[in-house]
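In what follows, a structure is listed as structure tokens, so that the remarks can point back to it.
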Amino acid sequence: MDKHFDPNMIETKWYQTWEKQGYFKPKNTDSAPYSIMIPPPNVTGSLHMGHAFQDTIMDTLIRYHRMKGEDTLWQPGTDHAGIATQMVVERQLAAQGLSRHDLGRDKFIEKIWEWKEESGGTITKQLRRMGASPDWSRERFTMDDGLSDAVKEVFVRLYEEDLIYRGKRLVNWDPVLHTAVSDLEVISEEEQGNLWHMRYPLSDGSGHLVVATTRPETMLGDQAVAVHPEDERYKNLVGKTITLPLVGREIPIIADDYVDMEFGTGCVKITPAHDFNDYEMGKRHNLPMLNILTINAAINDEAPEKYRGLDRYEARKQIVADLEEIGLMESIKPHTLMVPRGDRSHAVIEPFLTDQWYVAVESLAKPAIDAVKNGDIEFVPKNWENTYFEWMNNIQDWCISRQIWWGHRIPAWYDADGNLYVGRSEAEVREKHQISADIELTQDADVLDTWFSSALWTFSTLGWPDNTPELAKFHPTSVLVTGFDIIFFWVARMIMMALKFTGEVPFKQVYVHGLVRDGEGQKMSKSKGNVLDPIDLIDGIDLESLVGKRTYGMMQPEKAAKIEKATRKQFADGIPAYGTDALRFTFASLASTGRDIRFDLNRAEGYRNFCNKLWNATRYVLMNTEGYDTGVDESATIELSLADRWIVSRLQEVESEVQKHLDSYRFDLAANSLYEFTWNEYCDWYLELCKPVLQKDSSEAAKRGTRRTLVRVLEALLRLMHPIMPFITEEAWQAVAPLAGKDGDTIMLQPYPQTDSSKIDSDAMAELEWVKQFIVGVRKIRSEMDIAPSKALPVLLAGLNDTDSQYLQNNRLYLSTLAKLESIEILADENQAPESAVALVGEMKVLIPMAGLIDKEAELARLEKEIGKLQGEIKRLGGKLNNENFVAKAPPAVVETERKKLADSQTALSNLEVQYEKIRQL
RNA sequence: GGGUGAUUAGCUCAGUUGGGAGAGCAUCGCCCUUACAAGGCGAGGGUCACUGGUUCGAGCCCAGUAUCACCCA
């Protein structure tokens with residue numbers, strides 16, 4: 001084995017073996033099912049840090065439960081990401097000077113399929129690099145036939161129950177993509193604009209009203225001016241009319257208590273077809289809905305001729321100029337407003353009156369709320385349930401139609417008279433409605449929102465609407481692992497749909513994790529140029545390639561220079577290869593309960609070092625066990641050392657800790673336990689304690705016992721770590737397992753280690769604690785007194801009780817090796833001790849003669865520090881115990897511990913004080 | 001405006017029935033000791049945002065304040 005761990009050498013090899021052997025598939029046994037559906041990534045996308053993080057968690061869970069013997073299914077797949085994918089292909093066409101209309105619908109969709117074939121494998125390949133173990137043979141895509149059938153089925157059934165309807169509504173219109181988008185796909189952010197105050201003359205010539213607006217061009221569609229019914233300033237004007245400037249339309253002044261008297265002038269222009277609030281008010285007052293925009297957000301033919309065809313912003317300029325010219329522009333004031341933009345196109349969204357398809361969600365929402373209330377579904381961490389309830393209680397009907405071409409076409413047909421027929425296919429529609437073949441039917445041009453098909457994901461992937469054995473076994477799934485950002489988009493909708501169509505919840509738990517951000521807490525995005533590619537962290541990347549990647553194909557090329565500079569500064573040497581296991585361990589260790597996960601490369605480096613540590617520990621164990629008797633033959637006599645009994649005890653404890661943390665989704669704590677045990681106990685103490693046994697002439701039984709413990713603890717530890725770090729544990733396990741008497745083709749399918757409490761030896765743990773204290777005491781003196789590590793020291797002991805004597809007798813070998821001692825002598829009479837530095841182990845004194853080694857002043861300083869610490873402690877404890885209330889009211893056990901601590905500190909203090917005095921007098 | 005979360009060492013973060021303030025990284029000192037210098041052995045470093053309350057006892061529970069972040073309107 002190499003001196004340094006080289007992840008690249010083992011990852012591909014093991015992944016291919018696992019996949020080829022079919023280890024990822026469910027075993028179809030009678031054991032309890034455990035299933036997770038992957039949140040389907042965009043089929044043509046690539047793996048980002050969020051995916052990598054999420055997939056690490058899912059894979060850890062799956063591997064853990066698989067090892068626990070459950071029948072596990074991790075269902076992989078991708079979605080078709082309607083708008084995003086269509087945009088990519090449209091951009092490709094645009095590069096050739098073509099639009100999708102040049103190709104026509106069928107040809108364009110063909111192009112998208114081609115693109116899907118070309119790039120669709122990227123993300124699944126990357127998932128494999130992460131070590132993910134889903135059942136690839138069951139991979140699904142939302143546009144597959146089966147899933148498309150499920151979509152049609154759901155649509156038709158909802159329609160037949162009047163839960164899907166078609167209607168002309170005001171929607172969020174993306175004038176660039178030419179489609180409606182749902183509320184959730186609109187991002188509103190503060191931007192600088194103006195508040196235009198415009199004078200609207202009263203028709204009777206008796207004056208004018210002033211209305212304020214952030215979008216002057218919408219005045220072309222105004223149908224009223226509204227005031228608050230109790231607003232004394234305008235009360236008498238209600239019922240009169242004004243004449244709309246530039247247009248000439250006479251429109252009423254109405255009263256509505258929606259109007260905020262404080263805002264602007266207290267008069268609001270009402271444009272029902274171009275503002276959501278106005279739309280509601282328009283309905284209340286039966287105002288006409290006049291649409292004045294085209295699908296490009298230019299002015300349409302409903303407006304005066306002068307403005308027709310102008311883009312909305314040109315029209316704005318013109319209208320403002322025209323109003324100024326006729327003296328009707330009262331003022332223009334800078335104003336910060338919320339501007340809605342499409343999350344894909346970043347175009348300013350216009351409220352726009354169109355025919356759309358909706359799901360009436362109210363009746364679906366109720367059972368979905370109840371399922372969480374009554375505990376059928378549990379959010380982890382629990383507080384996300386509030387977010388869920390908040391949204392579900394105020395849920396709006398869901399606009400599911402999109403005016404794009406890529407997606408599930410709405411299964412609705414129209415005849416020449418505009419009659420609407422919904423069915424699973426044209427044939428079904430014809431048959432059901434007795435429409436003869438010579439009557440032409442045209443299918444609705446719209447497609448469904450991608451989330452519509454994603455909402456069916458937990459059951460459509462298992463074969464629904466057919467009653468498949470997989471559906472019976474693996475639905476409801478065990479847990480959904482997802483980010484909080486899609487609780488509304490996806491989680492809530494899945495719950496509604498699964499309850500409606502399977503009568504079951506889609507998952508029993510929802511583990512909500514945080515969002516991965518960069519080291520500064522900034523969201524990672526291409527436009528910020530702070531994106532890290534998980535694969536680059538695995539393989540490493542040189543600076544030039546990284547700069548190239550971050551600045552290539554930018555939407556805003558002007559930012560490239562800045563990004564390049566920042567990148568060169570932050571990654572002067574590029575990014576080293578950390579390997580998959582280290583990356584996964586990093587993700588696990590960052591998976592605490594917070595909402596932001598700052599990804600710090602230093603953490604990855606630390607865990608890369610951890611992998612190296614594990615690698616070298618394994619190397620050491622193998623060097624000392626391969627070719628030797630490791631006690632595989634149970635009949636051979638063995639002798640277990642103190643260290644053996646101790647490490648076995650600690651292993652049992654760690655096993656339960658790790659399981660507890662995995663069961664409660666605290667991957668950070670699980671990772672911590674593993675790190676701590678591996679490095680600080682197994683490596684730092686146990687391996688060191690083994691050395692004297694293996695190297696000195698101990699009995700064969702003792703050596704056998706130690707070798708056996710070495711390999712068995714390591715073997716169990718590898719299994720314990722496997723769910724988080726699959727590759728290195730597999731590689732090491734292959735070599736270690738036979739020595740530990742285990743056989744099997746892969747660590748993946750070995751049982752997960754279970755605590756055996758009969759193996760916890762508390763006497764051994766106490767004794768080893770004594771040994772450690774002894775050794776650490778000597779090391780501290782050595783280090784603080786600047787004594788060379790190579791210098792063997794003589795020590796003298798005084799004040800031993802029976803236990804100390806016993807422990808000493810048992811552990812001389814450990815002490816002299818690990819503390820590097822020349823000799824250990826017990827003083828019959830402490831007063832005979834030469835001037836020495838002292839360390840305390842309980843009440844026993846460990847004395848290191850100063851002669852020639854230790855400086856008097858240095859030792860005094862050291863003692864002073866120790867004494868100071870003890871004095872502080874004694875003061876604190878004394879104060880507490882002198883408080884009558886504490887003694888009277890605190891639990892007796894607590895009082896007792898505090899008393900004991902005080903007594904121990906006092907003993908230690910007086911010992912040190914005596915020692916200090918002695919040295920001072922030298 | 002409503003809601004949620006955060007505030008603990010220089011940095012990133014743990015701290016789970018209220019009873020010793022911790023880890024990793026960074027810093028400092030010594031050491032190439034035959035698994036590992038991607039290492040070993042030690043050390044320093046915190047008014048737990050602030051104010052008040054409950055309690056024998058508060059980083060933790062309660063109320064309020066400040067700052068920041070996110071979600072919704």
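Keep in mind that this is a model prediction, so the values were computed, not measured. Protein chains get the first letters and strands the later ones, always in sequence-line order, with residue 1 at the start of each.
Heavy atoms of A/D684 sit under 4.0 angstrom from primed sugar atoms or phosphate atoms, though from no base atom. A/S790 comes within 4.0 angstrom of nothing in the nucleic acid, heavy atoms only. Residue contacts shown for A/F610 are absent, as no nucleic acid heavy atom lies under 4.0 Å away. Looking at heavy-atom distances under 4.0 Å, A/K820 makes no contact with the nucleic acid at all. Residue contacts for A/E896: at a heavy-atom cut-off of 4.0 Å it reaches no nucleic acid atom on any strand shown. The residue A/N624 sits apart from the nucleic acid: no heavy atom pair falls under 4.0 Å. When heavy atoms are screened at a 4.0 angstrom cut-off, A/V887 is found touching no nucleic acid atom at all. If you check every strand for non-hydrogen atoms under 4.0 Å, A/L687 touches a base. Across all strands shown, A/L669 has heavy atoms under 4.0 Å from base atoms, whether or not it also approaches the sugar-phosphate. Across all strands, A/C683 comes closer than 4.0 Å to base atoms (heavy-atom distances). No engagement by A/P576 is indicated, since no non-hydrogen atom pair under 4.0 Å with the nucleic acid exists.
Nucleotide B/U12 holds its P atom 18 Å from the CZ atom of A/F587, rounded to whole Å. Between the CG atom of A/L881 and the P atom of B/G19 there is a distance of 17 Å, rounded to whole Å. Residue A/L674 contributes atom CG, which lies 15 Å from atom P of B/G24 at whole-angstrom precision. B/A73 atom P lies 11 Å from atom CG of A/N277, rounded to whole Å. Atom C1' of nucleotide B/A6 and atom CZ of A/R595 are separated by 9 Å, given to the nearest angstrom. Counting to the nearest Å, the P atom of B/G19 and the CD atom of A/E873 are 16 Å from each other. The distance from atom CG of A/D600 to atom C1' of B/A26 is 10 Å, rounded to the nearest whole Å. When rounded to the nearest whole Å, the span between CG of A/L818 and P of B/G40 equals 14 Å.
Listed pair A/W679 / B/G40 meets the phosphate criterion, a side-chain N or O lying under 4.0 Å from OP1 or OP2. For A/N883, no side-chain nitrogen or oxygen approaches OP1 or OP2 of B/G57 to under 4.0 Å. Taking only side-chain nitrogens and oxygens, A/K613 comes nearer than 4.0 Å to OP1 or OP2 of B/G40. At B/A6, none of the side-chain N or O atoms of A/R598 fall inside 4.0 Å of OP1 or OP2 (strictly under the cut-off). An OP1 or OP2 oxygen of B/C70 is reached within less than 4.0 angstrom by no side-chain nitrogen or oxygen of A/K523. Distances shown here put a side-chain N or O of A/K880 below 4.0 Å from the OP1 or OP2 atom of B/G20. Remark: A/R782 is not in phosphate contact with B/C30, judged by side-chain N or O atoms under 4.0 Å from OP1 or OP2. An OP1 or OP2 oxygen of B/G42 is reached within less than 4.0 angstrom by a side-chain nitrogen or oxygen of A/R779. In terms of phosphate contacts, A/K780 brings no side-chain nitrogen or oxygen within less than 4.0 Å of OP1 or OP2 of B/C41. Close to B/C41, at under 4.0 Å from its OP1 or OP2, lies no side-chain N or O of A/S783.
Checked by atom type and distance alone, the side chain of A/R782 pairs as donor or acceptor with a backbone atom of A/A819 at under 3.5 Å. Of the possible donor and acceptor atoms, one in the side chain of A/D397 sits under 3.5 Å from a partner among the backbone N and O of A/V361.
The base-pairing partner of B/A14, taking Watson-Crick or G-U wobble contacts with both distances under 3.5 Å, does not exist among the strands shown. For B/U34, there is no paired nucleotide, since no Watson-Crick or G-U wobble pair has both relevant distances below 3.5 Å. With a cut-off of 3.5 Å on both pairing distances, the Watson-Crick or G-U wobble partner of B/U4 is B/A69.
A cation-pi arrangement is present between A/K691 and A/Y620, with the terminal nitrogen or guanidinium carbon under 6.0 Å from the aromatic centre and inside a 45° cone about the axis.
For the C1' atoms, the distance linking B/U67 with B/A49 amounts to 8 Å, nearest Å. Taking the P atoms as reference points, B/A14 lies 40 Å from B/C32, given to the whole Å. Across B/C50 and B/U8, the matching P atoms stand 10 Å from one another, rounded to whole Å. For the P atoms, the distance linking B/C36 with B/G19 amounts to 43 Å, nearest Å. The P atoms of B/G15 and B/G3 are separated by 26 Å, rounded to the nearest whole Å. B/A21 and B/A26 have their P atoms separated by 27 Å, given to the nearest Å. B/G52 and B/G46 have their C1' atoms separated by 23 Å, given to the nearest Å. Taking atom P in both B/U12 and B/U17, one finds a spacing of 27 Å when rounded to whole Å.
Residues A/D518 and A/L532 fail the side-chain proximity criterion, which asks for heavy atoms closer than 4.5 Å. The closest side-chain heavy-atom distance from A/F587 to A/I597 is not below 4.5 Å. When side chains are defined from C-beta on, A/V268 does not count as touching A/D256, because their heavy atoms never get closer than 4.5 Å. Side-chain contact between A/W398 and A/W451 is present, with at least one heavy-atom pair separated by less than 4.5 Å.
Between the side chains of A/D644 and A/S641, at least one donor N or O lies within less than 3.5 Å of an accepting N or O. For the residue pair A/E873/A/S905, the side-chain donor-acceptor check at 3.5 Å is not satisfied.
Among B/C31, B/A69, B/G19, the nucleotide with an atom closest to any side-chain atom of A/D596 is B/A69. Which of B/C72, B/C30, B/C70 sits closest to the side chain of A/F484 comes down to B/C70. When the nucleotides B/C71, B/A38, B/G5 are ranked by their closest atom to the side chain of A/N383, B/G5 comes out on top. Looking at the side chain of A/D668, the nearest of the listed nucleotides B/A14, B/C70, B/G20 is B/A14. Of the listed nucleotides (B/A38, B/G29, B/G15), B/A38 has the atom at the smallest distance from the side chain of A/N609. The A/N672 side chain lies nearest to B/A23 when the options are B/G20, B/A23, B/A38.
Summary of the strand contacts: A/A788 and A/K869 both lie near RNA chain B, and taking for each the nucleotide with the nearest heavy atom, the more 5' one is attributed to A/A788. Place A/N612 and A/Q695 on RNA chain B by their nearest nucleotides, and A/Q695 ends up nearer the 5' end.
A/E653 and A/R650 are joined by a salt bridge, as a carboxylate oxygen and a charged side-chain nitrogen come within less than 4.0 angstrom of each other.
Contact annotation: side chain of A/E390 to base of B/A73, donor-acceptor pair absent below 3.5 Å.
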